[in-house]
Amino acid sequence: MNVYDVLKERGYIAQATHEEEIRALLAKENVTFYVGFDPTADSLHVGHFLGMMVMAHMQRAGHRPICLIGGGTGTVGDPSGRTDMRQMLTDEIIEHNCNCFKKQMQHFIDFSDGKALIVNNGEWLRKLNYIDLLRDVGPYFSVNRMLAAECYKQRMEKGLTFLEFNYMVMQAYDFMELNRRYNCKMEMGGDDQWSNIIAGVELLRRKYERPAYGLTFTLLTTSEGKKMGKTAKGALWLDPDKTSPYEFYQYWRNVGDTDVKKCLSLLTFLPMDEVNRLGSFEGQKINEAKRVLAYEVTKMVHGEQEAKKAQEAAEAVFGGQGILDNVPSLEVSKKALGGRLLDILVQKKIFASKGEGKRLIQQNGLSLNNEKVSDIDRILNESDFADGFCMLKKGKKKYYRIILLDE
RNA sequence: GGGUAGGUGCCCGAGUGGUUAAAGGGAACAGACUGUAAAUCUGUCACCGUGAGGUUACGAUGGUUCGAAUCCAUCCCUGCCCA
């Protein structure tokens, strides 16, 4: 089966510059393609993960992915679809973030034997000379058309700086450079990158009259059109230190019914038969599908062992039975006993402030060992612990195991 | 550079001297209902305090005033129009 059809069937493809040609090209030869990632944080998140999935599918089909890390573009900031300007990052931070990205990418893409490449556009962008650049690619861009691009629409109201306006040029330049160096013929990216991708495709076609293609993949959104992968704390990170495997698992375990099928198809490698089967479950039964989804995605990101642990913990806590060892925990020293539970939890950062904690207690949102805590001044005593542990429940579904330390 | 409209809490946005910790909406959080779902309803949503109350907050800094998000001055930032 042609990868293009696989991608299409699984729902990845949003837009393509030359649908039939791309399909034919992918059937005919091993194509080098690239996806760019700007190092805006020190970890990839779920949105990037979707890109990884696309690349992995392509790689399995024999094509060669290039992960382009935006050490150069990251210094400018992509204005696409944003209402505000990105914060300027320092060179050190960008450097650090690039390294973090590289490490994480190894989990999803096979870089052995040149089967995939990872490059940083800082390598060439940072050396560019302004006049040379202008003369080199400037003539192939129409400002009129750039201004009309969808990605700047929101910015036309709030203001767009020249700095950011150039982002598109840089991205197009990247494609050209990768084409020169690696015979890269296709650029892929999230659908919000469409304008930027076309810019590169057109640059190559106009300047060199070379075939170049662009393809965008669906953005991960809920059935209501909201971005997926947002937690109360922000993004759903792939770095276990920023989002624990348990939290990660829980996120997927809790997706809305209407999004389960889409997630299975986009974020796992389960065969489509299975995706369709699981996705067709209704009512309570769909929980079975969510369980598979959460496990599969967690396994890919954090490994089988962590996925199992997360699943065990979740099921122990929500199912009432099982091993509680892997439930998120916090440690309390014996010295703290006799103090208010509220104060201890604020100190342990379970509550952002005392006010928040009080509110939660007053609203009946806190339980200790399955008993509602109704008294704000509830004291934490040794008798609350059995075998050195006690269970705390915050809100509807956040569980913590409190471990009593001797010290 | 000139003119003009603005900068309010996580976001949008009302408020033009005291009754404003600041309407309304969204987001978020909690409760009920459920299936660890969605929808719905109810409540909460600056910080400290059990409470009374206190503290901090309306771009920044100074000032007028018994009292300012609201008035004045200077500065910074943004949109639009003109150059």
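Lettering of chains follows the sequences in order, A, B, ..., and the numbering in each one begins at 1. This one's a predicted model, so the numbers in the text were calculated from it and none came from an experiment.
- A side-chain donor from one of Glu187(A) and Gln171(A) sits under 3.5 Å from a side-chain acceptor of the other.
- Defined by atom type and a distance below 3.5 Å, a donor-acceptor pair is missing between the side-chain atoms of Asp42(A) and Trp237(A).
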In the 5'-to-3' direction, what one-character label does each nucleotide of nucleotides 47-59 of chain B receive under the scheme B = base within less than 4.0 Å of a protein heavy atom, S = sugar-phosphate only, - = no such atom?
SSBS---------
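- Across all their heavy atoms, Tyr173(A) and Leu133(A) have their closest contact at CD1-CD1, 3.6 Å.
- Rounded to an integer number of Å, the gap from CG of Leu293(A) to P of rA37(B) is 15 Å.
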Encode nucleotides 76-83 of chain B as B, S and - characters from 5' to 3', where the letter depends on protein heavy atoms closer than 4.0 Å: B to the base, S only to sugar-phosphate, - to neither.
--SSS---
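- Taking a pair as Watson-Crick or G-U wobble with both distances under 3.5 Å, the runs of three or more consecutive pairs in RNA chain B are B:1-7 with B:76-82, B:10-12 with B:24-26, B:28-32 with B:40-44, B:46-48 with B:53-55, B:59-63 with B:71-75.
- In this structure, a donor-acceptor pair under 3.5 Å is absent between the side chains of Tyr34(A) and Asn121(A).
- Rounded to whole Å, the distance from CZ on Arg253(A) to C1' on rA37(B) is 8 Å.
- Side-chain contact check for Gln193(A) and Asn196(A): at least one donor-acceptor pair (N or O, by modelled atom type) lies under 3.5 Å.
- Less than 4.0 Å separates RNA chain B from at least one heavy atom of each of the following residues of residues 395-403 of chain A: Gly395(A), Lys396(A), Lys397(A), Lys398(A).
- Look at CD1 on Ile350(A): it is 16 Å from P on rC29(B), rounded to the nearest Å.
- We find that CG of Asp257(A) is positioned 12 Å from P of rG35(B), with the value rounded to whole Å.
- Remark: side-chain polar atoms of Asn364(A) are not paired, donor with acceptor, to backbone N or O of Lys372(A) under 3.5 angstrom.
- Partners of Lys207(A) under the salt bridge (charged side-chain N to carboxylate O under 4.0 Å, His left out) rule, at least two apart in sequence or in another chain, are Asp136(A).
- No donor-acceptor contact under 3.5 Å links the side chain of Gln363(A) to the base of rG31(B).
- Rounded to an integer number of Å, the gap from CD1 of Ile286(A) to C1' of rU34(B) is 15 Å.
- Scanning residues 274-284 of chain A for heavy-atom distances under 4.0 Å to RNA chain B yields Gly283(A), Gln284(A).
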